[in-house]
Amino acid sequence: MRETEHKAARAYTDNFGEEPELVASAPGRVNLIGEHTDYNGGFVLPCAIDRRIAVAVGTGGRGGFETRLYSADFDEMREIGEKDSSWADYPRGVAWAMGEAGHELGGFRAAFAGDVPLGSGLSSSAAIEAAMALALDAFFGLGVGRTDLAIICQRAENDFVGVGTGIMDQYASLLCEAGAALLVDCRSLEARSVPLDLAAAGLAMVVCDTRVERGLADTGYDDRRATCERAASILGVEELREATEGDLDLLSGAELKRARHVVSENARVLEAVEALENKDFDEFGRLMYASHASLRDDYEVSTPELDTFVETAQQHGAAGARLTGAGFGGCAIALVPEGEAAAFTNACERAFAERGFEEPAFYEFVPAAGAELAAGIGKQPR
Ligand code: GLA
C-alpha cells in the first residue's frame, strides 16, 4: 500500500474502531495539452500525477451504521447530510450522484487522507471523487465501469458541488495508466493511453504552482463556457468541436477569439499525440508553447505569473511549457532536460522574486497510475 493509503486505513481504524474493509486511492492530474476543450466536445491529453487521495471504507464498529465521513488532513468528522461547502461535499456528491444513477447504497464509513496539493489546479477534487466512487463501487458490489464512474463524478461536481467543469479531470483520475498520457475524445467519451516515457527522452516534468489560488466558481470559467456556447450557436453547431478554421470568418469579438483557441487547440492535441507516438519531443514541446500563447492571447486565461514561468522555461531550453488546467492562476508545466530542473526552478524563483510575485512551489511528477483499489486489504472486490 502507498503511504496515503496506509494513512487513510489508520485514520479509519482510529476513528471507527475497527479495520476498514477496503481502501481505494485516486490521483490528481496535469494536462499536457488540450485546455478548455473538454466542455466543447474536443480533445484533451492529461496524465495522472504521483499525488493521490486515498479513502478507507467499511461499516464501522461503533454506534450503528449511519454514514460518516472523516478527513485525516482536516481532522474533521462529517455526517453524509447536507451540503456545507467543505471537503465533504465531494464524497457526498458522489454518493448522491450514484443514487441518481440508480445505484442503491447502504450506510458506510469513510476516512480520507491525501497529498494532492489543494486549490492549485491539480484536481484534488476529482481525486477525492474518483477515490470515493471506486471505493463505493467495490464496497457495494455495483460493477459500474470506469467511464460511467467518471460520469457520476462529473455529475457530483456539476450538480451537487455546483461547479460546471468538463469531464477531463474525472476521466484522468479514473482512467490514466502509469507511464502514459490519456487521449480523451470528450464528445464520444472514448479514451486511449498514449505512452509517455519522459525519462527515455531525457526530460523531467516540472510543475510550478504559482500560488495564485483559484476557485473555478469565482473566475471567468463560466463566462468562457458561455461565450463558447454562443459561438457554437452562431455557427449553427452543437459544440465548437464541430467548427472548422473556415467557420471562424463568421465570428467576431470575444466569440472569435475563444473559438479560434478551441479550434486550434483541438488540432494541436491530435498533432501532439502523433508527436508522442513518433517520440518527437521537440514537436510536442512546440505545440505546448503554441497552446500557451493561444490560452494567453485568445482565451485570455493566463496570468503574469504563468507567463513568467513559460518565458523562463523558453529561455532555459525547455522543450515545451504552458499553463495547465483552467488558468486564472494555479499551475504551469514544463518539460526540461533532466539534470537542469534545479537550475531552471532557481531561475524561476529569481524571476518571480524580481517581479514581486508570491514564492512559487515546484514539483517533479512522473505519469502515474489512475484510481486503484489497494491490494491486500479486506474482502475486495465484492
Ligand atoms: C478545469 C476543469 C476541466 C477543464 C479545465 C480546462 O480543470 O475542471 O474540466 O475544463 O479546467 O481545460
Side-chain angles (χ1 to χ4, degrees), residues 31-46 154 158 164-169 171-172 181-192 194 216 219-278 280-303 306-307 310 314 319-328 332-333:
N31 190 17
L32 297 166
I33 195 160
E35 219 65 82
H36 291 280
T37 46
D38 62 353
Y39 53 80
N40 287 299
F43 299 103
V44 295
L45 190 70
Q154 188 199 13
N158 291 173
T165 61
I167 191 76
M168 169 168 71
D169 306 339
Y171 247 65
L182 187 77
L183 171 65
V184 187
D185 176 334
C186 299
R187 186 169 57 175
S188 69
L189 293 182
E190 272 162 27
R192 75 175 166 92
V194 182
L216 291 188
T219 63
Y221 189 88
D222 289 342
D223 163 78
R224 296 299 185 281
R225 269 193 93 134
T227 309
C228 287
E229 280 160 22
R230 273 202 311 277
S233 91
I234 294 170
L235 297 177
V237 294
E238 204 169 310
E239 294 180 306
L240 277 184
R241 154 70 177 273
E242 294 152 53
T244 62
E245 237 181 279
D247 290 338
L248 298 175
D249 295 341
L250 301 168
L251 299 171
S252 61
E255 285 78 12
L256 169 62
K257 288 176 110 179
R258 309 305 183 236
R260 189 162 57 202
H261 166 72
V262 173
V263 170
S264 63
E265 185 79 348
N266 277 330
R268 277 188 292 271
V269 176
L270 297 181
E271 287 171 46
V273 168
E274 207 180 307
L276 272 193
E277 282 166 346
N278 296 330
D280 184 350
F281 282 93
D282 291 336
E283 174 64 2
F284 190 82
R286 187 191 68 72
L287 292 161
M288 289 175 76
Y289 284 127
S291 167
H292 184 79
S294 176
L295 287 159
R296 181 189 61 211
D297 302 336
D298 273 346
Y299 222 68
E300 297 179 283
V301 294
S302 191
T303 63
L306 293 164
D307 292 342
V310 171
Q314 217 146 9
R322 56 185 290 283
L323 70 85
T324 184
F328 312 102
I333 173 182

Report the distance from atom CG of Asp280 to atom CZ of Arg286, rounding to the nearest 0.5 Å.
9.5 Å
Quick check: closest heavy atoms across Cys186 and Ile167, and the distance to 0.1 Å?
SG-CG2, 3.9 Å
Going through the checks in order, is the salt bridge (charged side-chain N to carboxylate O under 4.0 Å, His left out) test met by Asp185 and Arg192?
CA-CA 9 Å; Asp185 176 334; Arg192 75 175 166 92; over 6 Å; no
Non-hydrogen side-chain atoms of Leu287 and Ile33 separated by less than 4.5 Å:
yes
With a 4.5 Å cut-off on side-chain heavy atoms, are Tyr289 and Val310 touching?
yes
Under 3.5 Å donor-acceptor, Glu283 side chain and Ala275 backbone:
no
Verify the ring-centre separation between Tyr39 and Tyr221: is it less than 6.0 angstrom?
yes
Closest contact, heavy atoms only, Asp307 versus Ser302
OD1-OG, 2.7 Å
Quick check for you: to the nearest 0.5 Å, what is the distance between His292 atom NE2 and Leu306 atom CG?
6.5 Å
Do Asp247 and Glu242 make a side-chain contact, defined as non-hydrogen atoms from C-beta onward lying under 4.5 Å apart?
no
Do Ser291 and Glu35 have a side chain donor and acceptor closer than 3.5 Å?
no
Using a cut-off of 6.0 Å, state whether more than 12 heavy atoms not belonging to Glu190 lie near its atom CD.
no
Answer yes if the side chains of His261 and Asp297 hold a donor-acceptor pair under 3.5 Å, and no otherwise.
no
State whether the side chain of Asn158 and the backbone N or O of Thr165 hold a donor-acceptor pair below 3.5 Å, judged by distance alone.
yes
Is the closest basic N to carboxylate O distance between Glu271 and Arg268 below 4.0 Å?
no
Non-hydrogen atoms of Gly34 and Glu265 that approach each other most closely
N-OE2, 2.9 Å
Stepwise side chain to side chain contact (heavy atoms under 4.5 Å, CB included) test for Leu295 and Glu300
CA-CA 6 Å; Leu295 287 159; Glu300 297 179 283; over 6 Å; no
Nearest non-hydrogen partners of Leu32 and Met288, listed with the distance:
O-CG, 4.0 Å
Side chains of Leu183 and Val269: does their closest heavy-atom pair fall under 4.5 Å?
yes
Strictly distance-based, threshold 3.5 Å: is any side-chain N or O of Arg224 a donor or acceptor partner for the main-chain N or O of His36?
no
Nearest-0.5 Å distance, CZ of residue Phe43 to CG of residue Asn40
12.5 Å
Under 3.5 Å, is there a donor-acceptor pair between the Thr324 and Asn31 side chains?
no
Quick one: which of Arg260, Arg258, Lys257 gives a salt bridge (Lys or Arg N to Asp or Glu O under 4.0 Å) with Asp298?
Arg260
Taking the side chain as every heavy atom from C-beta outward, state whether Tyr299 and Val262 have any pair of such atoms under 4.5 Å apart.
yes
Restricting to non-hydrogen atoms, name the atom on Phe284 and the atom on Ala272 that form the minimum distance, rounded to 0.1 Å.
CD1-O, 3.4 Å
Carefully, step by step, assess Leu240 and Val263 under the rule side chain to side chain contact (heavy atoms under 4.5 Å, CB included).
CA-CA 7 Å; Leu240 277 184; Val263 170; 5.7 Å; no
Distance check, rounded to the nearest 0.5 Å: Met168 atom CE versus Leu45 atom CG?
10.0 Å
Using modelled atom types and a 3.5 Å cut-off, is there a donor and acceptor pairing between side-chain atoms of Arg241 and backbone atoms of Gly41?
yes
Ser294 side chain to Ala290 backbone, donor-acceptor under 3.5 Å
no
Is any side-chain heavy atom of Asp38 closer than 4.5 Å to a side-chain heavy atom of Val184?
no
Tell me every residue that passes salt bridge (Lys or Arg N to Asp or Glu O under 4.0 Å) with Glu245, counting only those two or more places apart in sequence or in another chain.
none
Keeping the roles fixed (side chain from Asn266, backbone from Gly42), state whether a donor-acceptor pair exists under 3.5 Å.
no
So Leu182 and Val194, side chain to side chain contact (heavy atoms under 4.5 Å, CB included) or not? Walk me through it.
CA-CA 6 Å; Leu182 187 77; Val194 182; over 6 Å; no
